[in-house]
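Structure first, then comments.
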Amino acid sequence: MPRLTLDHIHRRFGAVQALDDVGLTFRSGEVHALMGENGAGKSTLIRILAGLDRPDRGSLTLDDAALPPGAPAAMRAAGLRFIHQELHPVPGLSVAENMHLDHPYPTRFGLVDWRALNRAARAALDRLGLRLDPRRPMSELGAGDQMLVRIAATLIGDAPAWLYVMDEPTAALTNAEAERLFTVIGELVRQGAGVLYVSHRMPEVLRLAQRVTVLRDGRHVSTRTLAETDQARIIEEMTGRDLGELFPPRRAAATGDVVLRVAGLRAGPLQDVSFDLRAGEVLGVAGLAGSGRGALLRALIGDLPVTGGTVTLEGRPLRRTPAQAWADGMAYLPRERRTEGMMLRRAIFETVALPHLSTLARLRLFLDHGHQRRLATELGERVRLKAASVTQACEELSGGNQQKVLFARALAGNPRVLLLDEPTRGVDIGARFELYRLIRQLSEQGLAVILASSDLPELLGLSDRIAVMRDGRLAETLPAEGLTEAALLARFYHIPETERAA
């Protein structure tokens, strides 16, 4: 039976209809995924659930009792809790103190009762099976454990939580941290809580959810049980495109000259890595977490000290620092765009110009903001960036548009080789399609691309060849055409051909 119902929700911002007659129900004891491209209305819906925004029309009811719109305290009292990817803990306080930030500290004789505080935190952590010391400083925990502490904190206090709204909770987590989060989500559901799970990561949704709702352009497209839908149907409902249209057509194999030659490379975990890369080729780099796929790109851009081997770019030795590698014709998109790729609070044009300041400066001494803005505007049009202007702060952009800023930055130096580490991580399906089309266009124009990704369809759909990494070594390189996901995955584990066939 539905506990929370949204009926005929409308919300307009000026000329934009953010939500148009949306109706949804949420139940205890299930994970309900909310899917949609950027601009579909997900964020507006979450703000209405949190009481931070009022619908123009429509109603919210909990167990048939009306909830006042635009009242955060009422939504909290109704048992809704919100877990965001950016948690803002207080690093200098302990786990237990952070868990009590929304609650009065227990006192005894007018002083903080530290035993009671730690005991309450320990009890909440135990309910979720979390083996964390409540006295440990929050600064010592990784992002994943900090998120689990935030969830456990909702079990403290008088207003019991029953619906957890999780907005892109794994965006900043490692695979191991995400697995611990999934375990906690399962425990919450077993204890009768509901979870509204918002994510662009399709495998997570298909793994966790019992029901999936799709929004498109502010309208409710469908709500289906997982048995009634699949990845292809969800993508088609989100984008209006068939899954087969997601990857641009593969053109003939690249036959250009060798642009990059790597011989016996040793750096960090990498051991004796050798390969050639041709102009116009997309070389996928695949492997399990820790296999060295990301380390290979970091070594090529100069972020890992090289201890052996040679790397030549168009016949010349590639220099060893990031600044030198960029100047030599390499460009790099890091895996973590928000922490490693951009200055979130600065203007778009400043991030685009960052690796190229010496060439964009007047007399190579003075910053030329006018030149930087013109270049960023030109490149923004090339990558189809959607922004008010290039003076807009990067943090105000969607994930897909932030990634386009990094593509614009990479192209600003007219590179010969483009290094992409998880280039579509945390972006929606529609933005993925645009980035895939851009990568294909760049390769057809002669740019050589190395694509490291954990997304097997992405690797198979974009790559000409795929290099399989195992334990820091390049185990084998094979054509992508005709290769299946199962066959590629088997090579990660070095499963013999006879066992693959079985």
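Starting from 1, each residue takes its place in the sequence as its number.
Exactly one of Arg201, Arg293, Arg432 qualifies for a salt bridge (charged side-chain N to carboxylate O under 4.0 Å, His left out) with Glu422. That residue is Arg293.
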Hey, mind stepping through Thr424 and Glu458 against side-chain hydrogen bond (donor to acceptor under 3.5 Å, both in side chains) and telling me if it holds? CA-CA 9 Å; Thr424 61; Glu458 182 170 279; 2.4 Å; yes
Check the pair Ser389, Gln392 against side-chain hydrogen bond (donor to acceptor under 3.5 Å, both in side chains), reporting the backbone distance first and the verdict last. CA-CA 6 Å; Ser389 77; Gln392 186 175 0; over 6 Å; no
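Side-chain N/O atoms of Gln271 and Arg473 include no donor and acceptor closer than 3.5 Å.
Note on Glu179 versus Arg207: salt bridge recorded, some NZ/NE/NH1/NH2 to OD/OE distance being below 4.0 Å. Between Glu336 and Arg425 a salt bridge is recorded (basic side-chain N to carboxylate O distance below 4.0 Å). Between Arg224 and Glu237 there is a salt bridge, since at least one side-chain N of the basic residue sits less than 4.0 Å from a carboxylate O of the acidic one. Electrostatic pairing of Glu314 and Arg416 counts as a salt bridge here, judged by a charged N lying under 4.0 Å from a carboxylate O. In summary, Arg335 and Asp421 do not engage in a salt bridge, as defined by a charged side-chain N under 4.0 Å from a carboxylate O.
Ring geometry for His356 against Trp326 counts as perpendicular: the plane angle is over 60°, on a 0 to 90° scale with 30° as the lower cut.
To the nearest 0.5 angstrom, Leu333 atom CG is 7.0 Å from Arg409 atom CZ.
Relative to the ring axis of Phe349, Arg373 places its NZ or CZ within 45° and under 6.0 Å from the centre.
Taking the side chain as every heavy atom from C-beta outward, Tyr436 and Pro248 approach each other to under 4.5 Å.
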